[in-house]
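The following block contains the structure, expressed as structure tokens.
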Protein chains: 2
Amino acid sequence: MSERKLSSTNYYNQSFLENKCSLNELLYLVSKRWLTEVLFSIEEGNNRFTSLKESLEYISDHILADRLRLLEQHGLINKSYLPGNPPRTEYVLTSQGSELSDLLDGLCNFAENKMQF
Amino acid sequence: MSERKLSSTNYYNQSFLENKCSLNELLYLVSKRWLTEVLFSIEEGNNRFTSLKESLEYISDHILADRLRLLEQHGLINKSYLPGNPPRTEYVLTSQGSELSDLLDGLCNFAENKMQF
DNA sequence: CTGTATCCGATAAGATACTG
DNA sequence: CAGTATCTTATCGGATACAG
């Protein structure tokens with residue numbers, strides 16, 4: 001969505017942390033709003049843009065498109081173009097995507113049962 | 001560090017997601033910069049403010065204090081005041097804190113070995 | 001149907017100065 | 001030693017308009 005400025009401590013510190021441990025890269029990705037919801041919704045069988053948009057109620061086109069791009073860039077989903085007019089696309093999880101989904105389920109279980117918010 | 005405004009779609013959507021699943025609350029917490037590093041550093045035996053600050057090199061007082069407050073508020077660490085002058089405090093993980101740390105290790109392993117960034 | 005472009009408000013991180 | 005207060009800047013999410 002936006003590039004990061006090279007000349008700032010903000011940028012420098014984030015880079016430092018991401019180099020220190022990839023966990024920080026992963027958290028930076030999955031903590032983006034709606035991202036895990038998009039992943040889960042695809043897993044549940046919502047494979048099309050409009051279907052995802054409906055299942056997620058309040059998400060905007062802009063953000064949904066961005067999250068799909070991020071998920072694809074990081075190898076968590078595959079995108080395929082179906083022939084015909086109007087154009088149709090289909091999204092499915094990769095094996096890495098479903099592995100991440102399982103890990104997030106574990107975190108979710110912890111959050112629901114053990115955390116105090 | 002800062003309060004959230006009640007009258008904005010930004011706030012409304014975040015609330016919607018947090019109510020939908022606590023995973024979103026947890027991710028909102030652990031994705032705050034330095035937070036997991038502070039957790040891991042305490043686990044490794046850095047139990048004092050200054051010791052943590054040294055182990056994390058570039059973290060500021062402000063952020064370190066904030067992250068310690070958040071971790072304590074959510075029951076992930078305990079804070080104890082040691083008697084004497086100058087004042088000393090000590091931080092240790094709770095059982096929930098180490099459970100979360102284990103889950104994050106799993107995520108970290110995934111990030112290091114399976115993810116493409 | 002499946003997106004993209006541009007602008008703007010809200011928030012998070014950091015800089016600096018200060019304190020019991 | 002262990003923090004707090006105030007201010008600034010960068011970034012993120014969202015609104016609106018538009019398009020192949």
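Each chain gets a letter, A, B and so on, in the order the sequences are listed, and its residues count up from 1. Hydrogens, waters and symmetry mates play no part in the numbers below; they use all other heavy atoms, side chains included.
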Practice prompt. To the nearest Å, give me how far apart CG (A:Asp61) and P (C:dT2) are.
Written response: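 In whole Å, C:dT2 P and A:Asp61 CG are 11 Å from each other.
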Worksheet entry | Spacing between B:Tyr11 atom OH and D:dG14 atom P, to the nearest angstrom |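 Rounded to the whole Å, the gap is 14 Å.
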Worksheet item: Under 4.0 Å between a side-chain N/O of B:Arg33 and OP1 or OP2 of C:dG14, yes or no?
Response: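 Yes.
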Worksheet item: So does B:Thr89 get a side-chain nitrogen or oxygen closer than 4.0 Å to the phosphate oxygens (OP1/OP2) of D:dG3?
Response: yes
Fill in: C:dC1 OP1/OP2 closer than 4.0 Å to side-chain N/O of A:Arg48
no
Worksheet item: Between B:Tyr12 and A:Tyr58, does the ring centre distance come in under 6.0 Å?
Response: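 Yes.
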Worksheet item: Rounded to the nearest 0.5 Å, what separation is found between the CH2 atom of B:Trp34 and the CZ atom of B:Phe40?
Response: 14.0 Å
Discussion item. Rounding to an integer number of Å, can you tell me how far B:Ile63 CD1 sits from D:dA10 C1'?
Written reply: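 Value for this atom pair: 13 Å.
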Practice prompt. Please determine if a side-chain N or O atom of B:Ser60 lies less than 4.0 Å away from the OP1 or OP2 oxygen of C:dG14.
Written response: no
Fill in: A:Phe16 CZ - C:dA13 P separation (whole Å)
16 Å
Discussion item. Does C:dG3 have its OP1 or OP2 closer than 4.0 Å to a side-chain nitrogen or oxygen of A:Tyr91?
Written reply: yes
Practice prompt. Report the distance from atom OH of B:Tyr12 to atom C1' of D:dC12, rounded to the nearest whole Å.
Written response: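 One finds 20 Å between C1' of D:dC12 and OH of B:Tyr12, rounded.
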Practice prompt. To the nearest Å, give me how far apart CZ (B:Arg67) and P (D:dG3) are.
Written response: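 Atom CZ in B:Arg67 sits about 15 Å away from atom P in D:dG3.
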Discussion item. Measure NE2/A:His62 against P/D:dC12 and give the value in whole Å, please.
Written reply: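 Distance, rounded to whole Å: 12 Å.
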Discussion item. Is it the case that over 12 heavy atoms from other parts of the model lie below 6.0 angstrom from the CZ atom of A:Arg88?
Written reply: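 No, the 6.0 Å shell around CZ holds no more than 12 heavy atoms from other groups.
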Discussion item. Looking at A:Tyr28, I'd like to know whether one of its side-chain N or O atoms comes within less than 4.0 Å of OP1 or OP2 on C:dA13.
Written reply: no
Worksheet entry | Test: B:Arg67 and B:Glu37 ion pair at under 4.0 Å |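 Answer for the salt bridge query: no.
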Discussion item. Does C:dT4 have its OP1 or OP2 closer than 4.0 Å to a side-chain nitrogen or oxygen of A:Arg69?
Written reply: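 Yes, within the criterion.
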Practice prompt. Please check the phosphate of C:dA12 (OP1 and OP2 only) for any side-chain N or O of B:Trp34 closer than 4.0 Å.
Written response: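 No.
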Fill in: A:Lys32 vs D:dG14: side-chain N/O to OP1/OP2 distance below 4.0 Å
no
Worksheet item: Would you say the side-chain atoms of A:Thr94 pair up with the backbone N or O of A:Gly75, donor to acceptor, closer than 3.5 Å?
Response: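 It does hold such a pair.
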Worksheet item: Roughly how many Å is it from CD in B:Glu72 to C1' in D:dG3, rounded to a whole number?
Response: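 Computing the B:Glu72:CD to D:dG3:C1' distance gives 13 Å.
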Worksheet item: Can a side chain N or O of B:Asn13 be found less than 4.0 Å away from OP1 or OP2 on D:dG13?
Response: no
Discussion item. Please confirm whether the shortest side-chain N or O distance from A:Thr9 to OP1 or OP2 of C:dA15 is below 4.0 Å.
Written reply: yes
Worksheet item: So, B:Lys114 and A:Glu99, do they make that salt bridge, N to O below 4.0 Å?
Response: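 A:Glu99 and B:Lys114: salt-bridged.
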Worksheet item: Quick one: on DNA chain D, does B:Lys79 or A:Pro87 contact a more 5' nucleotide (nearest heavy atom)?
Response: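 Result of the comparison: B:Lys79.
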Worksheet item: 5'-most contact on DNA chain D: A:Asn10 or B:Gln14, nearest heavy atom basis?
Response: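 Closest to the 5' end, via its nearest nucleotide, is A:Asn10.
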